[in-house]
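Here's the structure we're looking at; comments come further down.
The structure displayed is predicted, hence computed values, not measured ones. Both backbone and side-chain heavy atoms feed into the values below; hydrogens, waters and symmetry mates do not. Throughout, a chain's letter reflects where its sequence line sits, starting with A, and its residues are numbered from 1.
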Amino acid sequence: MPEGPEVETVRRSLAPLVVGTALGRARVSRLKLRTPTTSRQLAFLDGSVVDEVGRHGKLLWLQVRSGGGLCIRLGMTGQLTVADATTTPLAHTHVRIALGDGARELRYCDPRRFGEVVPFADAAGLQAERQDMGPDGITLDDAGRAIVSDGLRRTGRAIKEALLDQRLVAGVGNIYAAEACFIAGLNPTRAGHSLSVKEARQLVAAVEETLLQGVARRGTSFSDYVDAEGVQGDNAAHLWVFQREGEVCRRCGTVIERFVQGQRSTFLCPSCQR
DNA sequence: CCACTCCTGCGT
DNA sequence: ACGCAGGAGTGG
């Protein structure tokens, strides 16, 4: 569920709740996440103070003073929240880590268990988790923009599938890939190498625009997604095409179409997108 | 490149 | 009962 903007919203809402706070004991359920993690593996965090909450693409991490920490990938249904420790956790809460004096705790809930909570020992360990990711789409600089637009023009893949590849640009998922293609006026099935230089640049600009809009609206919530305080985002009401099959294009009035591309749903306006 | 897999839950 | 869901890896 969560893409870059949702993860960034979690990061921003989580940071003030945990930075400068000591982590306590971690409790992990027996049900396995995509990468299994045990309470034992998280024991080294007990007593360390959180220095930073970071993000690159859809990867989120908490770094403690020793330089170690915790990487979190939210998968499709992950929620990372801070809650009063006396409240009953949601079903499918797999990890609970006490905060400060223990009145509150950090909770990772993930019904489908496609996400993961993985410890890292030091800066090199964190770097290893970030290994194969391209530049972060929310914080692109000129060099990053060039890497992404050049990468698009070099691939024979369909542009929407290319945008979903985290090695090209990190943080774009199924919602924002479809939205970026709409904003750029490009059919998602266009091959990357069919793009002119200008079209590739427009697509990169559209990726940035849609991701930044998502952040500004605190994420897109259809069902599961909430920030660290349990608050939903407002972006769903502002989408151009995603999940709007059969509705009319907000720009031209043509009926939005849905089809399957790379085993994922894609949406487009057949008249705005060529 | 494609199909399939890991899971649960919800809407039709 | 079935199709579908915001992710990502694997194996053919």
Atom-to-atom span, CD of Q263(A) to P of dC4(C) - whole angstrom
13 Å
Residues 185-199 of chain A vs salt bridge (Lys or Arg N to Asp or Glu O under 4.0 Å), sequence neighbours excluded, gives R190(A)-E199(A)
Which part of the nucleic acid, if any, lies within contact of F242(A), taking any heavy atom under 4.0 Å across all strands shown: a base, the sugar-phosphate backbone alone, or nothing?
sugar-phosphate
Please identify each residue that fulfils side-chain contact (heavy atoms from CB on, under 4.5 Å) with Q63(A), with sequence neighbours left out.
E52(A), W61(A), F120(A), L126(A)
Protein-nucleotide distance (L59(A), atom CG; dG9(C), atom C1'), rounded to Å:
16 Å
Contacts of type side-chain contact (heavy atoms from CB on, under 4.5 Å), residue R153(A), not counting sequence neighbours
L195(A), V197(A), A200(A)
Under 4.0 Å protein heavy-atom contact, by nucleotide of nucleotides 6-12 of chain B - B base, S sugar-phosphate only
BBBS---
Defining pairs by Watson-Crick or G-U wobble geometry with both distances under 3.5 Å, how would you list the stems of DNA chain C with at least three pairs each?
B:1-6 with C:7-12, B:8-12 with C:1-5
Check whether any side-chain heavy atom of L163(A) lies under 4.5 Å from a side-chain heavy atom of V207(A), and answer yes or no.
yes
Could you state the atom-to-atom distance from CD1 of I175(A) to P of dG7(C) in whole Å?
7 Å
Taking the six-membered ring for Trp, are F182(A) and Y176(A) ring centroids under 6.0 Å apart?
no
Carboxylate-amine/guanidinium contact R25(A) D46(A), below 4.0 Å
no
Measure CD/Q131(A) against P/dA8(C) and give the value in whole Å, please.
16 Å
Counting only side-chain heavy atoms from C-beta out, which of dC4(C), dC2(B), dG6(C) sits nearest to F222(A)?
dG6(C)
Here the distance between atom C1' of dG7(C) and atom CG of L74(A), to the nearest Å, is 10 Å
Lys/Arg N to Asp/Glu carboxylate O, R55(A) vs D136(A), below 4.0 Å:
yes
Select base, sugar-phosphate, or nothing to describe what R73(A) touches, counting heavy atoms under 4.0 Å on all strands.
nothing
Check the phosphate of dG6(C) against R264(A), side-chain N and O only, distance under 4.0 Å to OP1 or OP2. Yes or no?
yes
Let me know, please, whether Q243(A) or L164(A) comes out on the 5' side of the other along DNA chain C by nearest nucleotide.
Q243(A)
Atom-pair distance (CZ on F259(A); P on dG3(C)), nearest Å:
21 Å
Would you kindly give the CZ-to-C1' distance between R157(A) and dC2(B), to the nearest whole Å?
12 Å
Between dC7(B) and dG11(C) - P atom distance, rounded Å
16 Å
Take atom P in dG3(C) and the same atom in dT5(B), then report the distance between them in whole Å.
14 Å
Taken in chain and number order and not counting sequence neighbours, the residues that satisfy side-chain contact (heavy atoms from CB on, under 4.5 Å) with P89(A) are T93(A), R96(A), R107(A)
Charged N to carboxylate O below 4.0 Å: is that the case for E208(A) and R145(A)?
yes
Taken to the nearest whole Å, CE/M133(A) to P/dG9(C) is 10 Å
